[in-house]
Amino acid sequence: MSDYAARVENLGKNFGGILAAEEITFQVREKEIMGIIGPNGAGKTTIFNLMTGVYPPTAGKVFLGDEDVTKLAPDVIVKKGVSRTFQNIRLFKRLTVLENVVTALDLNYPLYNIGEALFLNLPFLKGKVKRAEKDLRDKAMSYLDTVGIAHLAGNQADSLPYGLQRKLEMARALALEPKLLLLDEPAAGMNPEESMDLARLIQKVQKDFDVTVLLIEHHMDLVMYLCHHIFVMNFGRELAQGSPEEIQENPAVLKAYLGEGRSNG
């Protein structure tokens, strides 16, 4: 049995002659928080898209534990325990905060099966569905409570401030009950105080849900505080990887990325 929640081997992606990623190899240890950093356009989100089946790789493989998932569709990868948030927030904006999380729970806790759908007017099935709906709402509320926005459950999602929409997106990702949680720039648009509050939330989530976290982030203070291991990309390739201390002292990283404005990348 592997000690790694995920690993990629010689992963590459070519978009019509444009090389977005080449020979990317790293491992994410079980229960750790790992960061991927690099300048804009370095290929970081491409790696997430390759790991989640959004893009098929041009080269290389993706593993979850010991299982090769390189050729699997995104929905299958989700069912195997991977969920993610996005660089650009993707909520159901016209649904309530609570409904956004309930939609994610539907994947693992369907209210009824195909056969039962034909007989939903029967009293015993109506009762069953009603109880199941309450259970889903209660479970969804527990995720909202985890991220600190349970009191906003009835609000429309797009009415939330930007930072709270980020927390809602995290609650929805947790509702998929992942083993591996991918966070794409979770602190984007946040000030230093908000980003450190988010860092503490990510630590809590990792501990309370026993989940492995892989994140892309430009807020270097957050990355250095939060991550056990850091992978640095530049122009689609590996520049360095190591502990936060090793990355901070790496001359190539300092020159390419950390040398200017460390607090906001």
Side-chain angles (χ1 to χ4, degrees), residues 2-15 18-52 54-55 57-64 70 82 84-88 180-190 192 195-196 198-199 202-203 206 211-265:
S2 174
D3 291 332
Y4 299 111
R7 70 184 195 276
V8 301
E9 294 181 356
N10 299 313
L11 203 59
K13 184 62 182 177
N14 191 313
F15 292 100
I18 298 174
L19 198 62
E22 183 180 17
E23 297 181 355
I24 299 298
T25 296
F26 62 77
Q27 300 84 30
V28 190
R29 289 191 178 276
E30 289 273 7
K31 318 307 179 194
E32 82 170 355
I33 301 174
M34 176 175 166
I36 301 178
I37 66 172
N40 288 329
K44 305 180 296 295
T45 296
T46 297
I47 297 303
F48 270 21
N49 288 334
L50 294 172
M51 292 180 71
T52 55
V54 175
Y55 300 149
T58 306
K61 293 182 179 294
V62 178
F63 294 86
L64 296 177
T70 309
V82 180
R84 69 178 289 187
T85 65
F86 292 85
Q87 187 175 356
N88 299 313
L180 175 65
L181 177 62
L182 307 182
L183 304 176
D184 194 345
E185 297 195 28
M190 295 184 181
S195 68
M196 291 311 294
L198 179 71
I202 292 171
Q203 285 181 321
Q206 189 282 318
V211 67
T212 303
V213 178
L214 178 62
L215 66 89
I216 294 169
E217 189 49 68
H218 281 293
H219 285 65
M220 288 299 100
D221 290 341
L222 182 149
V223 172
M224 296 302 169
Y225 169 80
L226 197 57
C227 295
H228 306 109
H229 188 80
I230 299 170
F231 184 86
V232 189
M233 294 184 67
N234 199 23
F235 297 111
R237 303 197 68 168
E238 176 185 340
L239 183 62
Q241 59 179 308
S243 69
E245 295 75 21
E246 290 169 333
I247 295 303
Q248 285 179 308
E249 295 171 2
N250 187 300
V253 176
L254 293 172
K255 181 179 179 181
Y257 188 55
L258 297 181
E260 299 179 11
R262 275 190 49 201
S263 65
N264 59 18

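When a residue number appears, it is its place in the shown sequence, counting from 1. The figures that follow rest on heavy atoms only: side chains count, while hydrogens, waters and symmetry mates do not.
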Exercise. Of all residues at least two apart in sequence or in a different chain, which pass the side-chain hydrogen bond (donor to acceptor under 3.5 Å, both in side chains) check with E238?
Worked result: Q241
Problem set entry | Matching residue for L11 among I24, T25, T58, T46 - test: side chain to side chain contact (heavy atoms under 4.5 Å, CB included) | I24
Problem set entry | Atom of L254, atom of Q248 and distance for their closest heavy-atom approach | CD2-O, 3.4 Å
Exercise. With no hydrogens and no angle check, is any side-chain donor or acceptor of H228 less than 3.5 Å from a backbone partner on M34?
Worked result: no
Exercise. What residues, two or more places apart in sequence or in another chain, satisfy side-chain contact (heavy atoms from CB on, under 4.5 Å) together with F235?
Worked result: none
Problem set entry | Least distance between heavy atoms, E32 atom then T212 atom | O-CG2, 3.5 Å
For this session: With the side chain counted from C-beta on, respond yes when M190 and L198 share a heavy-atom pair under 4.5 Å apart, and no when they do not.
Result: yes
Exercise. Taking only residues two or more places apart in sequence, or in another chain, which ones meet R29 in a salt bridge (charged side-chain N to carboxylate O under 4.0 Å, His left out)?
Worked result: none
For this session: Can you sort out the partners of N49 under side-chain hydrogen bond (donor to acceptor under 3.5 Å, both in side chains), two or more places apart, ordered by chain and number?
Result: R84
Exercise. Residues two or more places apart in sequence or in another chain: which of them pass salt bridge (charged side-chain N to carboxylate O under 4.0 Å, His left out) with E9?
Worked result: R7
Exercise. P186 and I202: which non-hydrogen atoms are nearest, and at how many Å?
Worked result: CG-CD1, 4.3 Å
Exercise. With respect to L215, which candidate in I36, T85, L226 satisfies the side chain to side chain contact (heavy atoms under 4.5 Å, CB included) definition?
Worked result: L226
Exercise. For the residue pair N250 and A240, what are the closest heavy atoms and their distance?
Worked result: ND2-CB, 3.6 Å
Exercise. Taking C-beta and beyond as the side chain, do V8 and F231 meet within less than 4.5 Å on heavy atoms?
Worked result: no
Problem set entry | Pairwise distance NZ(K13) to CD1(I47) - rounded to 0.5 angstrom | 11.5 Å
Problem set entry | Distance (rounded to the nearest 0.5 Å) between I33 CD1 and H229 NE2 | 14.0 Å
Seminar exercise, completed: Residue set satisfying side-chain contact (heavy atoms from CB on, under 4.5 Å) with A42, at least two apart, ordered chain then number -> P39, K44, M233
For this session: Not counting sequence neighbours, which residues clear side-chain hydrogen bond (donor to acceptor under 3.5 Å, both in side chains) with T45? List them please.
Result: Q87, D184
For this session: Output all residues satisfying ring-ring contact (aromatic ring centres under 6.0 Å, His included) with Y55, sequence neighbours left out; order by chain, then residue number.
Result: F15
Problem set entry | Considering all heavy atoms, the nearest L182-T52 contact | CD1-CG2, 3.5 Å
For this session: Measure the shortest side-chain to side-chain distance between Y225 and H219 over non-hydrogen atoms and say whether it is less than 4.5 angstrom.
Result: no
For this session: Applying side-chain contact (heavy atoms from CB on, under 4.5 Å), name anything that partners T70, two or more places apart in sequence or on another chain.
Result: P57, K61, V62, D68
Exercise. Which residues pass the side-chain contact (heavy atoms from CB on, under 4.5 Å) test with E249, sequence neighbours left out?
Worked result: none
Exercise. Checking side-chain contact (heavy atoms from CB on, under 4.5 Å) for the pair R237/L19: CA distance, chi angles, key distance, verdict?
Worked result: CA-CA 9 Å; R237 303 197 68 168; L19 198 62; 5.7 Å; no
Exercise. Taking only residues two or more places apart in sequence or in another chain, which ones pass ring-ring contact (aromatic ring centres under 6.0 Å, His included) with F48?
Worked result: none
For this session: Side-chain contact test, heavy atoms from C-beta onward, threshold under 4.5 Å: evaluate it for P244 versus I230 and give yes or no.
Result: yes
Exercise. Given E217 and L183, is the side-chain contact (heavy atoms from CB on, under 4.5 Å) satisfied, shown in steps?
Worked result: CA-CA 8 Å; E217 189 49 68; L183 304 176; over 6 Å; no
Exercise. Nearest heavy-atom pair of A187 and L222: which atoms, and what distance?
Worked result: CB-CD1, 3.9 Å
